[in-house]
Amino acid sequence: MPELPEVETVRRGLVPALEGRRILSVQQNRADLRFPFPAGFADRLTGRRVVRIDRRAKYLLIRLDGDLTLLSHLGMSGRYSIEAEQGTAQPGDFVHAMPANPRHDHVVLHVEGGVTVRYNDPRRFGFMDLFERDSDNPYLAGLGPEPNDNRFSGAYLSEVLAGRRTPIKSALLDQKIVAGLGNIYVCEALHRSGISPRRLASSIPGQRAERLAPVVRSVIDEAIAAGGSTLRDFAAADGALGYFQHRFRAYGREGEACVTEGCSGTIGRIVQSSRSTFFCPSCQR
Ligand SMILES: [Zn+2]
C-alpha cells in the first residue's frame, strides 16, 4: 500500500506532466472506485487548467483553475502513468510507465501538449473527489500536522499523547495526531527511537517525545528522498520503482538480527489493531 513517501513521489512525477496544462478531455470508464465518482466528474474537469499539485497526508490535491480541486487517494493499488506523444516531451519530463493492464485504467486525462495521464487501480480501493474549499472537504478536515511540518515537534507530541491509554503504535497511526503516517514508517520510527510499540502513549511525553518526533521526520524525509519504497505492484508515477525497501530496519524483517548498534536482539512480529508490528524486544523499551 502506498504510504506518504510514495504518494509524494507520485506527486513529483505528475507535476511536469500536468502543471500549467489544460485538461482537454476526460475518459471516465466506471461510475465508481471505492466510492462513486462525484456527479458530473468528467464534465467538471474538462477544459480546466492545472494550477499546481499539492499533497496532504496521502491525498493528492490537483488544484485547477476556477477554484476546483481534484482529490485522489491511491488506496491499495492505485497508480498514475504518463504518456507523451513522440516529440512533444521535454527531455526528462516524461518517462513511459511500467506496463499495466489497460482494463484497470479507470480515468484517462488527455492534456495539452499530447500528454495522457492514466489512473490505473486493479483493486479499486482508491477514490477521487471534487471540491472547492479544503475546509469543506471531509477527508482533509481534522488531519494532524504533516511529519515535516514545523508544528510536529516533541512538545506537540507531548501535548497530544498525554493521558492516552492506547499503545504508541496505534497513536502514531491516528491521522488526527500526525497526518499520512502508515504502518511501515511507524514501525521504522519506533525501532530507530528505541521505543516499544506496546508502550502506552501516555508514557511518551517528555524525553521520549523529544527523541521520537525528529526520528519520525527523518524516516519520512529519507523515504521521500529515496523516491518512495515499493511494495507489491506499486510503481511511482514515472514508472520508476522505489528503492528504500531494502533499507527498512524493522519492517518485514521478522526473525532477522536487529541492526541497532550493540543490540543482539532478533526482530519479532506482533499484531496490533489487526496490523503487523515489527520490532526488536531487546532495544525497544
Ligand atoms: Zn535491537
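One is the number of the first residue; the rest follow in order along the sequence.
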- Using the six-membered ring wherever Trp is involved, compare the ring planes of Y139 and F35 and label them parallel, tilted or perpendicular (cut-offs 30° and 60°). parallel
- In terms of the angle between their ring planes, are F37 and F41 parallel, tilted or perpendicular, with boundaries placed at 30° and 60°? tilted
- Message: Hydrophobic cluster membership, with links at side-chain heavy-atom distances under 4.5 Å among I/L/V/M/F/W/Y: are L45 and V15 in one?
- Response: yes
- Does E6 reach the main-chain N or O of E3 with its side chain, forming a donor-acceptor pair under 3.5 Å? yes
- Task: Find out whether S282 and C258 are in side-chain contact, i.e. whether some heavy atom of one side chain is under 4.5 Å from a heavy atom of the other.
- Result: no
- Looking only at heavy atoms, which two atoms of A201 and A171 are closest? And how far apart? CB-CB, 4.0 Å
- Query: So, do R44 and L70 sit near enough that their side-chain heavy atoms are less than 4.5 Å apart?
  - Reply: no
- Side chain of E188, backbone of R249: donor and acceptor closer than 3.5 Å? yes
- Mind checking the CG-NE2 spacing from L61 to H73? Nearest 0.5 Å is all I need. 11.0 Å
- Task: Please report the closest heavy-atom contact between L68 and E132, naming both atoms and the distance.
- Result: CD1-CG, 4.2 Å
- Task: Identify the heavy atoms of L4 and P147 that sit nearest to each other, and give their distance.
- Result: CD1-CD, 3.9 Å
- Item | R30 CZ to D121 CG distance, which is reported to the nearest 0.5 Å | 9.5 Å
- Query: Which value, rounded to the nearest 0.5 Å, describes the distance between L143 atom CG and D134 atom CG?
  - Reply: 10.0 Å
- 4.5 Å side-chain heavy-atom contact, I53 and L18: yes
- Would H110 and I23 satisfy side-chain contact (heavy atoms from CB on, under 4.5 Å), going step by step from the backbone distance to the final call? CA-CA 6 Å; H110 298 283; I23 299 170; over 6 Å; no
- Hey, what do you get for CG (L71) to OG1 (T69), rounding to the nearest 0.5 Å? 8.5 Å
- Message: With heavy-atom distances below 4.5 Å as the criterion, would you say the side chains of T166 and L200 are in contact?
- Response: no
- Salt bridge present between E146 and R151 (N-O < 4.0 angstrom): no
- Rounded distance (nearest 0.5 Å) linking atom CG of D32 with atom CZ of R124: 6.5 Å
- Item | Note: R269-E254 ion pair, threshold 4.0 Å (strictly below) | yes
- Query: Does R199 use its side chain to pair, donor to acceptor, with the backbone of R285 at less than 3.5 Å?
  - Reply: yes
- Without swapping roles, check the side chain of Q175 against the backbone of L173 for a donor-acceptor pair under 3.5 Å. yes
- Query: Where do Q284 and S196 land on the side-chain hydrogen bond (donor to acceptor under 3.5 Å, both in side chains) test, with the steps shown first?
  - Reply: CA-CA 4 Å; Q284 289 182 251; S196 168; over 6 Å; no
- Message: One pair to check against side-chain contact (heavy atoms from CB on, under 4.5 Å): Y251 and F279. What are the steps and the verdict?
- Response: CA-CA 8 Å; Y251 188 84; F279 76 115; over 6 Å; no
- Just by distance, do the side chain of D65 and the backbone of V50 share a donor-acceptor pair under 3.5 Å? no
- Query: Within the side chain of S273, is there an N or O that forms a donor-acceptor pair under 3.5 Å with the backbone of R275?
  - Reply: no
- Side chains of F125 and S77: does their closest heavy-atom pair fall under 4.5 Å? no
- Message: Go through it in stages, so that I can follow the logic: the residues are V107 and M128, the test is side-chain contact (heavy atoms from CB on, under 4.5 Å), and I'd like the CA-CA distance, side-chain angles, deciding distance and then a yes or no.
- Response: CA-CA 10 Å; V107 175; M128 294 187 188; 4.1 Å; yes
- Mind checking whether F248 and C187 have side chains closer than 4.5 Å, heavy atoms only? no
- Audit row: V215, I195, side-chain contact (heavy atoms from CB on, under 4.5 Å) steps and yes/no: CA-CA 11 Å; V215 170; I195 294 172; over 6 Å; no
- Message: Check D54 with R63, please: is the shortest side-chain N to carboxylate O separation under 4.0 Å?
- Response: yes
- Query: Do Y59 and F152 belong together in a cluster built from hydrophobic side chains that touch within less than 4.5 Å?
  - Reply: no
- Query: Is the backbone of S203 close enough, under 3.5 Å, to the side chain of R208 for a donor and an acceptor to pair up by distance?
  - Reply: yes
- Query: Can you get from L64 to F131 by hopping between Ile, Leu, Val, Met, Phe, Trp and Tyr side chains that sit under 4.5 Å apart?
  - Reply: no
- Note on the structure: d(D221 CG, E8 CD) to nearest 0.5 Å is 10.0 Å
- Do the side chains of R79 and R118 get nearer than 4.5 Å, heavy atoms only? no
- Item | Minimum heavy-atom distance Y156-P145, with the two atoms named | OH-CD, 3.2 Å
- Item | Neighbour count >12 (heavy atoms, 6.0 Å) for atom CG, D67 | no
- Between D149 and R56, does a salt bridge (Lys or Arg N to Asp or Glu O under 4.0 Å) hold up when you go through it step by step? CA-CA 11 Å; D149 184 324; R56 180 78 169 104; over 6 Å; no
- Would a distance-only check, ignoring hydrogens and angles, find a side-chain to backbone donor-acceptor pair under 3.5 Å from R22 to G47? yes
- Task: Return yes if some donor-acceptor pair links the side-chain N/O of E256 with the main-chain N/O of T266 below 3.5 Å, else return no.
- Result: no
- Is there a path of hydrophobic side-chain contacts, each under 4.5 Å between heavy atoms of I, L, V, M, F, W or Y residues, that connects L181 with L140? no
- When you look at CD of E159, are more than 12 heavy atoms from neighbouring residues, nucleotides or ligands closer to it than 6.0 Å? no
- Message: side-chain hydrogen bond (donor to acceptor under 3.5 Å, both in side chains) for N101 and N120? Distances and angles first, verdict last.
- Response: CA-CA 8 Å; N101 186 339; N120 184 288; over 6 Å; no
- Task: Assess the side chains of T116 and E83: does a donor N or O sit below 3.5 Å from an acceptor N or O?
- Result: no
- Note on the structure: All heavy atoms of C280 vs all of C263, minimum pair found to be SG-SG, 3.6 Å
- Message: For a 4.5 angstrom cut-off between non-hydrogen side-chain atoms, does H106 reach Q28?
- Response: no
- Task: Might you point out which heavy atoms bring A213 and S153 nearest each other, and give the distance in Å?
- Result: CB-C, 3.5 Å
- Message: Membership question, hydrophobic clusters at under 4.5 Å side-chain separation (ILVMFWY): are V108 and I82 in the same one?
- Response: no
- Item | Under 3.5 Å: donor-acceptor pair, side chain of E112, backbone of L24 | no
